[in-house]
Amino acid sequence: MAEKDSLLSSSDDADEKRPLNDKTVPVSDASSISEESNKGYSTIAGLDDEFSGLSDHDAETLRQQVHIATAPASFFRLFRYADKKDYAILALGVLVSIGEGLMRPLLAIVFGAATQEFTDLPEGSMMSFFNGSYYNQVNSTFASHNNTGWVLSESSYSAGDEYESYTMDNSEFVRNVSQFAVYFLLLGVGVTVMAYTKSFVFIDRADVLSARIREQYLAATLRQNIGFFDKLGPGEITTRISADTALLQDAMSEKVAYIISHSTTFIVSVIIAYSRSYILSSIVIGNVIMIILVSYFGSKIITKFSARSQEGYSVGGSLAEETVSSVRNVQAFGIQDRMAQAYDKFLDVSEKWSIRAGYASGLRSGLTFMFAMSIDALVYWQGVQRLTEQKVEVSTMLTVIFTLSQGAFAFTIISPYLTSISIGLAASTKIFATIDRKSAIDSSSEDGDRLEEVNGDIELRNVRFIYPSRPNVTVLRDFSLKIPAGKTVALVGASGSGKSTIVGLIERFYNPLAGEILLDGHNILDLNTRWLRQRVALVSQEPSLFACSILENVCYGLIGTPYEHVTDVEKRELVIEACRQANAWDFIQTLPGGLDTDVGERGLLLSGGQKQRIAIARAIVSNPKILLLDEATSALDTKSEGVVQEALDRASKTRTTIVIAHRLSTIKDADLIVVMRAGEILEQGTHTDLLETKGEYYILVQAQSIEELKETARQSDSGTEKELVDAKSGIELATLGGALTEVTTRKTVASAIFYKTVEVTKPASVGEVIAMIYRISRRELTVLLIGLYSGAITGMAYIGLSILYSTALQNIQQYNNPNDYALLRRSIYAVAGFLFMQAMVLFITSVVSGSMFGYASSRLVRRIRATVFRHLLRQDISYFDDSQHTTGSLTTSLARDAQSIESIGGATANKLVESIVTSFGGYIFCIAFGYKLGLALLSGLPVMLAIGYYRFKFMTNFSETTKSHHTKSSNYACEATSAIRTVVSLTREEEILESYRTTLAVILKGNRIANMKSAALIALGRGMQYYIMALAFYYGGILVAAGEYSLFQFFLIFIIMVFGLENATTIFSFAPEMSKALQAGRNIKKLLDSEPEIDAWSTEGGIIADDEINGEIEFRDVHFRYPTRPDVPVLRGLNLSVKKGQFVALVGASGCGKSTTIGLIESFYRPQLGAVFMDGRDVSTLNVSEYRKNIALVQQEPVLYAGTIRYNVALGSPDTVTDEEIIEACKQANIHNFITSLPDGYDTLCGTKGSLLSGGQKQRIAIARALIRQPKVLLLDEATSALDSESEKVVQAALDVAAKGRTTIAVAHRLSTIQNADVIYVFEEGKILESGTHQQLLANRSKYFDLVQLQALERN
């Protein structure tokens, strides 16, 4: 095999060849980045034990939280969730499958007896038609026909002798042959009934049991401790629950019935052969044993290789999930190519093992063919010897040959079925390992105490803690803190000081290594985990909403409370009140659906502030005893924050509240403020006390001071103070009130754009899908042609086998006289020799065809996944906003569609080629060699083709119908596991499982009727071959009796028909795989054909030279609505201007259009009216990828990837960067000192989505990534929202320095970060309300003035 070309660099396919950016990453940089990325994801996969340096106790405690034991691969473990009813149904299926398997040996017995009937017919009775009479060429016998039968005249070579005439009656022969035809017909009826039963039983039970496995896997995943998810990417979970469970289902489906049936045929054939002639059978039993051994060991090897292949891809699936979920960041930094290269590294691992599995499958198939065909050679070789010695009869020898041939043929057929089961077993290991894993903190367990009453006293006593995923860093060191019931305690300090860790320990996300955490004097390790979490409400720094309505999201906060089962009306009232308290009610009322508005995947259809307010409403709706606020108001605008904080202050008076805050204005009224650093307490006290001591807290407060605060405070009189109170107690300024009502009267020009007629595209045809697959795989054309040629030879071998069988029978009939036994032995020896030679040829062709198809399909799957992944990253952002294109559905499709294409590759494709050639080649040969019988038998072919086609069509439509259900269920599971901290804190596990269970029940109900139809079509196809055999014997017997066909002709056509029909049935048995492959091909083609409006691949558009870019940005009368929500206007005639080098700030209420403005500058969307200009040129006319190279974005929710810190920072630059440049960028972002304090420094892994770092640490690395880009335009969307005060001051100074010489646009709620801006634009309802400098806006005493007042930090 020639050395493989680079998959992406040397593709002939234009789409695959084209880079996502014109300027590709240098090879050295790309390879180093890929290696660091691989390191990150390999660690996620849990490949290393990092606890060897710890004490035994600590190592064991941490290992329990992340370790996953390997589960053995066992076929019977697949049925572990079957109950008595299932076992009874499966037992019926097994019995019926065995019964159907018995039909073929019975067929062999009937065939042997029928053959004896033919060979017993006197040779002279089988005549050829010549010159108006029937003539026997051997005995020179002429015949004519009268009313009593055939009148024969034998010519004599002696002159003068008279012709001797006699009459021979063949009616008894015809009656006997007709009787055998009836036997075939009865066998066909039995096969039809049994085939239907076995197919339906196994298909239906596979559906049921795989659904239970999916349910159990999700349940097991949801009960795992959080440390388990720190090592496991959500993309891997999605792959397991969608793609791998489908493989399990395939391994339990009708393929099991086929294996049982064919194995029965094999075993019973051996038994019958022994019963007829133990001598002949003993001669070939060695071959039978070898066939069994080859099958067993071949399957084990294939299972091993397949498991490694799936493991390689599942880890890559996590990378795909991370990339797709952060597609805005990917496109903003133009790192599509680099993410695709990293993804391809895992595809390479998967492909390597998949190719090896294909080679093993080909070798298994070749050896099976060789030993099976050698059986015939041995039986003929030794059988004719015993026949001439009169130790066996013709029927005995033929029965042994035919039964063993049927058995061997049956064993060769099961090869692709065994491969499917091997792959399914390989997939089961990871799934059952998770199911069997005992969680260190099991939320589903009923163990543990439940206190009758909770006061809320919390104490951390001498707690020491290390994250299981980062065992080299001690986070808390002998930490002790008492939190009295009903008090509010605030935790402040630098990022990474352990604040969020305390929240995680109280929620029992992790177990401490030492010390105790007490609730009302009880160790929380002794309390029931689920009960504990239901008494604690958490609002995390990055709020997670679920893809449902606002009402449903808030109602999730009622789980486990007395309000969980109240009426819908009462729930709605509770939700409305909670939304009012969280300052969310007014903006909810402006939405088209109000509380019933869908928030989109992860709440993407709402702004950050809106999401956080709904999360707060969800936390307080149940009036919990303990409230944990981890940066709960960091994403809110100042006005909203003031009102929400007041509500939280009121709510905190009756409960224990722990607040983590960087924005110190939110915690100045706390009963106790705890200042932390490096897992220890520096000082604690009230706001006033700590200011007076002028310690660490005082320094933090000073860092957040606003320049004009003291002056405005001195100038404010009692009236001003009253206005401030009114402003803080009212919510009008934070609303978008009435703004949307104007739009309801008529459609504006901007909204009308969304209501244009959408052209419905038809699904791609079969030909179009095949053409697409050909284009993708044309580099393997030579390999495919070799596979096709070898497979065709293997298929034609059955025709050759039929010729040899018929020749042997002809010779046995011809040389039936003892005087001719020498000739008989010589002729049969020749047949045996040809059979052995054919066995050798089949060994070679089967190995070659199986290996070539396996290689080609593995390469095809890799190329499909790589190409689809790149095309996904090509799509514009509006594509991902569509509810049908969620991260879960896209990553599921990425895993399953290529897998569906692969299901008809490898061993399956090899078998299909063989079967097609055997079936259609055999039919053509039959018609050419004996057109009467051939055409008669051909009449059954249209029926079989119609059955096969209808089943294929039916399965295709059915797969399209169920795809949406499976996508929905997989996406639901992906969403739950991606937001696992939110899920477990809300104790949503049972509710998620119940919803998932309901979805699966709907799928099963729809599948059952479809399974019945599918089984009926399978059964008709199976029965048809017996009906055609009955026709063949009946009509063929008449033709032989009439002398039109010789024994050789009849048996040649008949045996070809037997093999042809068996192979035709095999073709149709793959209808489900073919239909899935067609649906997958349509999905792939639809994506590959889609051209986004904003195309990062496009080479069109203007390019501004680097030395001509000034960074001047202007919005001219911009109107914008999100494509997924066309009824809601976001920007309504926005006009703003940013000059070269200016630092411009955007402020205003959440949802007023600030982040939308950033998205339009990044060219994520196009405005419906108006235009965005860069240096006087319309952004829509510029080349997208080149334009974005001049811009750097730091988002509100920082996005990191599962690689090293160095890898994540280097992603910011389109060019190769040195370590010195990375270090300098990190110094500017105030993260360098922290990084160097870590054991691995810049090689420290960030974890999936940066899960191993705190929010502030992630944000600073994201800032470093932006700074290393050296952009002309710097976009900061709440870039410092997650930073502590000390870090914020340093980072802000660095950003101020970085802003010099470049245009900077910052979205900010914390006004201290933008007080030095050149221009501050205040947004309201999608327009600019006021603009100016900080001083000018304060002098206006308008909205900005009010916002500043609400962020007062010092006492008046």
Side-chain angles (χ1 to χ4, degrees), residues 86 89-90 92-94 96-97 99-100 188-211 245-262 413-414 416-417 420-421 424 766 896 900 903-904 908 911-912 915 943-966 1000-1026 1061-1080 1082:
D86 297 316
I89 295 174
L90 287 170
L92 173 64
V94 170
V96 173
S97 299
E100 197 212 4
V189 173
V191 165
T192 302
V193 173
M194 287 186 282
Y196 171 79
T197 306
K198 72 158 190 182
S199 297
F200 174 71
V201 164
F202 278 96
I203 294 173
D204 183 66
R205 287 304 97 184
D207 266 356
V208 172
L209 295 178
S210 65
T245 51
L247 295 177
L248 262 70
Q249 180 175 342
D250 206 34
M252 294 185 288
S253 66
E254 75 275 17
K255 291 179 175 58
V256 177
Y258 289 136
I259 290 175
I260 294 173
S261 178
H262 290 304
I413 284 179
I414 68 176
Y417 304 136
S420 295
I421 289 180
V766 176
R896 294 188 64 173
S900 296
S903 68
I904 60 168
T908 303
K911 198 70 209 174
L912 282 172
S915 300
V943 179
M944 293 196 70
L945 289 176
I947 292 171
Y949 173 77
Y950 183 73
R951 183 169 185 238
F952 171 73
K953 191 76 174 174
F954 169 74
M955 293 302 296
T956 301
N957 295 334
F958 173 65
S959 64
E960 290 176 359
T961 304
T962 57
K963 180 179 181 293
S964 59
H965 293 297
H966 283 296
L1000 292 178
V1002 172
I1003 296 174
L1004 287 177
K1005 185 177 180 181
N1007 286 2
R1008 184 150 288 135
I1009 296 175
N1011 292 339
M1012 290 180 180
K1013 294 180 180 179
S1014 178
L1017 294 171
I1018 293 174
L1020 286 174
R1022 295 289 301 157
M1024 277 300 297
Q1025 57 183 307
Y1026 288 86
L1061 292 169
E1062 188 73 38
N1063 278 279
T1065 307
T1066 301
I1067 296 172
F1068 302 139
S1069 70
F1070 291 111
E1073 285 80 5
M1074 290 187 284
S1075 65
K1076 290 177 184 177
L1078 176 61
Q1079 179 61 38
R1082 286 172 171 170

Taking [Y]'s backbone N and O only, do any of them form a donor-acceptor pair with [X]'s side chain (distance below 3.5 Å, no angle check)?
X    : Y    : value
S199 : A195 : yes
S253 : D250 : yes
D204 : F200 : no

* To do: Report the C-alpha separation of F202 and V94 in whole Å, then their side-chain angles, then the decisive distance to 0.1 Å, and conclude whether the side-chain contact (heavy atoms from CB on, under 4.5 Å) test is met.
  => CA-CA 9 Å; F202 278 96; V94 170; 4.0 Å; yes
Output all residues satisfying side-chain contact (heavy atoms from CB on, under 4.5 Å) with [X], sequence neighbours left out; order by chain, then residue number.
X     : answer
L1020 : I947
S210  : R214, Q249, M252
A211  : L1000, L1004

* Working to the nearest 0.5 Å, report the span between CE of M1012 and CG of L1017. => 13.5 Å
* Structure fact -> To the nearest 0.5 Å, atom CG of D207 lies from atom CG of N1011 at 5.0 Å
* Sequence-distant partners of T192, side chain to side chain donor-acceptor pair (under 3.5 Å), two or more places apart -> Y1027
* Please report the C-alpha distance between R205 and V208 in whole Å, then the side-chain angles of each, then the deciding distance to 0.1 Å, and finally whether the side-chain contact (heavy atoms from CB on, under 4.5 Å) criterion is met. => CA-CA 5 Å; R205 287 304 97 184; V208 172; 3.8 Å; yes
* Looking at E100 and M194, what are the two nearest heavy atoms and their distance? -> N-SD, 3.6 Å
* To do: Identify the heavy atoms of I203 and S1014 that sit nearest to each other, and give their distance.
  => CD1-OG, 4.3 Å
* When you look at V201 and V96, which way does the side-chain contact (heavy atoms from CB on, under 4.5 Å) test go after all the steps? -> CA-CA 10 Å; V201 164; V96 173; over 6 Å; no
* To do: Go through the steps for K198 and V256 under the test side-chain contact (heavy atoms from CB on, under 4.5 Å), then give the verdict.
  => CA-CA 10 Å; K198 72 158 190 182; V256 177; over 6 Å; no
